[in-house]
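Note sheet for the following structure.
Reckoned from all heavy atoms, side chains included, excluding hydrogens, waters and symmetry mates. Naming convention: chains lettered A, B, ... in sequence-line order (proteins, then strands); numbering from 1 in each chain.
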Number of protein chains: 4
Amino acid sequence: MTTTGAGAARPVGRPRSSQASDAIISATLDLLAEGVTIEALTIEAIASRAGVGKATVYRRWPNKEALVIDAIACLKGATPLLPGRSVREDLVTLLAGMGKANDTPEGRIVLAVLPEIRRNPELSARYAAMVDSRREVIREVFRRGLASGELTPDLDVELALAMLSSPMMSVASMRMFPRVSEERLAERIVDLALAGMRGPAPCE
Amino acid sequence: MTTTGAGAARPVGRPRSSQASDAIISATLDLLAEGVTIEALTIEAIASRAGVGKATVYRRWPNKEALVIDAIACLKGATPLLPGRSVREDLVTLLAGMGKANDTPEGRIVLAVLPEIRRNPELSARYAAMVDSRREVIREVFRRGLASGELTPDLDVELALAMLSSPMMSVASMRMFPRVSEERLAERIVDLALAGMRGPAPCE
Amino acid sequence: MTTTGAGAARPVGRPRSSQASDAIISATLDLLAEGVTIEALTIEAIASRAGVGKATVYRRWPNKEALVIDAIACLKGATPLLPGRSVREDLVTLLAGMGKANDTPEGRIVLAVLPEIRRNPELSARYAAMVDSRREVIREVFRRGLASGELTPDLDVELALAMLSSPMMSVASMRMFPRVSEERLAERIVDLALAGMRGPAPCE
Amino acid sequence: MTTTGAGAARPVGRPRSSQASDAIISATLDLLAEGVTIEALTIEAIASRAGVGKATVYRRWPNKEALVIDAIACLKGATPLLPGRSVREDLVTLLAGMGKANDTPEGRIVLAVLPEIRRNPELSARYAAMVDSRREVIREVFRRGLASGELTPDLDVELALAMLSSPMMSVASMRMFPRVSEERLAERIVDLALAGMRGPAPCE
DNA sequence: CGTTAATCGAGACGGTACGTCCTGTCTTCGG
DNA sequence: CCGAAGACAGGACGTACCGTCTCGATTAACG
């Protein structure tokens with residue numbers, strides 16, 4: 001122990017190049033965005049596209065799934081600006097944004113990856129954490145609604161979340177109403193769902 | 001042309017053995033039920049398990065996905081008996097059934113296959129048709145509710161369907177509330193959703 | 001035994017079509033002449049080329065080799081006209097003919113088939129019989145030479161045959177002297193070989 | 001460019017294992033020696049016998065033929081010791097050795113492979129080079145015979161070679177004289193052939 | 001003249017091998 | 001020690017033939 005002395009492991013030798021890691025992540029996302037299926041996605045193709053040896057990939061990630069998860073975690077969806085005038089308006093804005101995201105490259109990537117996630121519990125947790133950051137925005141809207149009395153105080157926030165986002169996702173990704181705009185769909189879903197969530201205030 | 005003259009094609013050569021087809025489908029479902037991932041599922045393993053040459057598989061299906069789709073189309077989920085006393089009770093029964101199905105071998109198979117379906121539009125259509133037969137039961141409940149006035153006449157049935165089934169599926173498959181029984185979950189979802197669907201009748 | 005009474009089997013049912021047999025043989029020779037290797041030669045290709053089902057081939061020949069042997073047995077090489085003026089002249093004519101045959105389609109077919117023959121003793125015998133008919137011509141020349149005293153009486157005819165034909169074949173098929181005509185080659189081989197075969201007559 | 005600067009290419013990546021190459025060659029020769037036909041010889045069997053992946057074979061040789069050629073090039077036939085007392089005695093010894101070699105495993109291997117060689121000109125050249133080294137011994141005997149006057153000065157050495165070796169090979173491999181020993185056959189062939197090659201010396 | 005039985009073409013059958021590709025590991029060299 | 005390059009054993013891919021086996025439709029000769 002002649003070195004730095006910090007409690008952590010002392011990495012000797014050449015340190016890993018973060019450039020390589022970035023190139024690998026980018027290559028993965030590129031391929032995914034080009035429509036390559038998860039199943040058709042290949043470590044060899046990723047390494048070659050990243051200009052990197054296969055071992056450099058395997059040194060960082062144990063397998064394709066882990067790499068893909070890390071890759072999609074790097075996708076940052078732009079959070080839409082919320083008007084903040086009412087719970088309904090905010091939810092419609094958020095849901096419409098979710099629906100539209102299905103058509104962006106990022107949305108397609110996430111969709112492609114989704115099924116693999118369900119299988120691996122560890123990855124599932126990491127994915128949940130990632131998704132949670134996006135849900136947090138909706139949760140915040142709910143909290144404001146509860147405070148303002150727009151929403152009933154005994155609302156189960158997590159369940160309400162599912163009641164809103166999962167119909168939107170399934171309707172949008174299945175293209176069940178191809179002629180209806182995302183905004184209109186979001187409105188109808190929010191209206192239907194909110195009916196059971198409204199607070200007692202505006203009853204009379 | 002002195003003969004039957006039927007317009008149909010007369011198949012020449014030895015006809016395909018339906019026994020082989022059945023064995024292949026069974027082998028596929030077996031492997032899937034044993035927890036083999038779609039990605040890990042192998043035509044070679046299927047053929048070997050079915051006691052069949054690889055060519056016999058490829059003669060019928062062009063690839064794994066097509067085969068898997070045909071295989072799951074053979075899964076017949078038992079439709080639960082509906083009490084029929086009220087829309088709410090029926091929907092709770094149906095949703096609870098859907099939730100529980102996630103834990104059956106059939107449910108796991110369908111979940112494993114779902115993601116691949118979204119990719120291929122042709123298969124997607126075939127899957128939709130299959131799912132539709134199960135949705136039809138819910139639709140029937142809706143129709144009865146509309147007739148009895150339990151549901152508002154301007155209800156969008158398809159959207160309402162999505163509002164019920166997709167939250168149930170996502171909540172159940174993600175195990176978001178691991179301690180709550182499927183029945184209780186179903187009740188809460190139905191109650192939340194129905195609030196926006198009730199007819200004017202019980203207003204007084 | 002109510003029938004014809006001949007010792008032979010009485011074939012009932014539809015007799016085999018000799019047309020089919022001929023088509024199969026022709027197809028085989030065609031493919032061989034087009035340069036298809038024995039190894040690359042396929043029963044399926046033969047049957048398809050002959051417009052015949054595979055079973056029709058297998059009903060007649062147990063395997064590719066047997067079929068090929070029967071096919072080449074149908075090749076009739078044109079025997080060159082012999083001047084008959086002297087043993088030397090006749091042998092040169094015959095050998096030159098043998099050398100030239102290497103460049104004909106038939107020659108190429110035989111060459112292609114030769115190696116397989118060495119392996120199967122039964123086929124080897126059939127091939128020997130076929131070849132023998134061509135050797136018989138040379139044997140006849142030898143006999144005339146022995147009678148006329150041109151050749152030494154203690155000549156081993158079979159060995160002498162090998163001494164003439166095998167150098168010619170190997171030299172020609174290996175193209176060892178690409179610039180020398182077959183006639184010139186034949187002359188030189190015959191002259192070299194005849195030296196040890198001459199009779200005592202022209203000694204003085 | 002501060003380094004060695006040799007014009008040769010510097011191989012990058014892990015070098016090919018010569019152990020694997022050797023194992024592949026050995027496996028090939030083993031199978032051939034066990035009587036497996038060239039046609040029945042299988043890359044898969046070779047790889048498995050060599051304890052090697054198929055790709056490792058295909059990385060080195062493009063096909064079975066190329067591999068087999070390389071394999072037989074590794075067969076070293078023991079050159080018989082030559083008495084050196086006379087051209088005749090030496091040739092008889094050599095030819096008898098050639099004849100006997102047909103019964104050794106190596107001889108059978110070469111015979112099995114011969115036909116394939118004739119087809120591919122490139123392989124043909126490589127085979128010729130290999131055979132040439134064995135012919136060189138005979139050529140040396142001829143040269144000594146020319147020097148000593150035992151052979152006529154205008155002898156065409158290459159043709160003389162063919163006049164001796166090809167009859168021996170064909171007679172031996174076809175087993176035309178099954179009861180005659182190789183030595184006796186060799187004597188008779190050499191005597192017949194030498195008659196046309198003798199020098200003027202012993203004329204008186 | 002209708003039965004009978006082997007034939008025909010077509011093509012499916014369980015297998016085996018093909019030659020390619022990818023996996024995850026390993027060696028090499030240069031930095 | 002990292003990095004690219006690429007070889008390694010293993011195994012699945014989808015294709016092509018093997019030799020056998022149904023199919024329905026002909027074809028003779030027998031009865």
Side-chain angles (χ1 to χ4, degrees), chain A residues 11-17 19-20 40-48 50-64, chain B residues 3 10-17 19-21 23 40-48 50-60 62-64, chain C residues 2-4 10-17 19-20 40-48 50-60 62-64, chain D residues 3 10-17 19-21 40-48 50-60 62-64:
Chain A
V12 299
R14 176 173 171 179
R16 294 197 184 157
S17 138
Q19 223 176 303
L41 190 66
T42 275
I43 295 277
E44 221 148 57
I46 293 172
S48 137
V52 142
K54 270 200 296 178
T56 303
V57 179
Y58 280 112
R59 214 171 278 125
R60 282 146 226 258
W61 293 277
N63 51 50
K64 200 165 60 175
Chain B
T3 35
R10 26 111 223 181
V12 62
R14 176 172 173 178
R16 299 204 180 151
S17 144
Q19 226 178 300
S21 305
L41 191 65
T42 275
I43 296 277
E44 224 148 59
I46 293 172
S48 137
V52 142
K54 269 199 292 179
T56 301
V57 179
Y58 282 112
R59 215 172 275 127
R60 280 145 227 261
N63 51 51
K64 205 164 57 177
Chain C
T2 57
T3 34
T4 45
R10 22 118 229 181
V12 300
R14 175 174 176 178
R16 295 198 183 156
S17 141
Q19 222 176 305
L41 190 66
T42 276
I43 295 277
E44 221 147 58
I46 293 171
S48 139
V52 142
K54 270 200 295 176
T56 303
V57 180
Y58 281 111
R59 214 172 277 125
R60 282 144 225 260
N63 50 50
K64 202 166 59 176
Chain D
T3 33
R10 27 114 220 179
V12 62
R14 175 173 172 179
R16 301 208 178 146
S17 143
Q19 228 178 301
S21 305
L41 191 64
T42 274
I43 295 279
E44 224 147 57
I46 293 172
S48 137
V52 141
K54 269 200 292 179
T56 301
V57 179
Y58 282 112
R59 214 172 277 126
R60 280 145 227 261
N63 51 52
K64 205 164 57 177

Which whole-number value in Å describes the distance from [X] [atom1] to [N] [atom2]?
X: C/Q19; N: F/dT26; atom1: CD; atom2: P; answer: 16 Å
X: D/N63; N: E/dA17; atom1: CG; atom2: C1'; answer: 15 Å
X: B/E44; N: F/dG10; atom1: CD; atom2: P; answer: 16 Å
X: D/K54; N: F/dA7; atom1: NZ; atom2: C1'; answer: 18 Å
X: A/I46; N: E/dG24; atom1: CD1; atom2: C1'; answer: 14 Å
X: D/R59; N: E/dG19; atom1: CZ; atom2: P; answer: 15 Å

- Examine the side chains of D/S21 and D/R60 and answer whether a donor and an acceptor come within less than 3.5 Å of each other. yes
- Query: From F/dA25, E/dC18, F/dA9, pick the nucleotide closest to the side chain of D/T56?
  - Reply: F/dA9
Spell out, as yes or no, whether a donor-acceptor pair under 3.5 Å connects the side chain of [X] to the backbone of [Y].
X: B/K64; Y: B/L41; result: yes
X: C/S17; Y: C/A20; result: yes
X: D/R59; Y: D/R16; result: no

Is there a side-chain polar atom (N or O) of [X] under 4.0 Å from OP1 or OP2 of [N]?
X: C/R14; N: F/dT27; result: yes
X: D/T42; N: E/dT16; result: no
X: A/R60; N: F/dG3; result: yes

- Query: Roughly how far apart are B/E44 CD and B/I46 CD1, rounded to 0.5 Å?
  - Reply: 11.0 Å
- Message: Taking the nucleotide of DNA chain E with the nearest heavy atom to each, does D/I43 or D/A55 sit closer to the 5' end?
- Response: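 Result of the comparison: D/I43.
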- Given that B/G51 and B/V12 both sit by DNA chain E, which one's nearest nucleotide is further toward the 5' end?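 Between the two, 5'-proximity favours B/V12.
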- Task: With heavy atoms under 4.0 Å as the rule, sort B/A45 into base, sugar-phosphate or nothing.
- Result: nothing
- So which one's nearest nucleotide on DNA chain F is more toward 5', C/Y58 or D/R16? D/R16
- Earlier contact from the 5' end, DNA chain F, for C/K64 and D/S21: D/S21
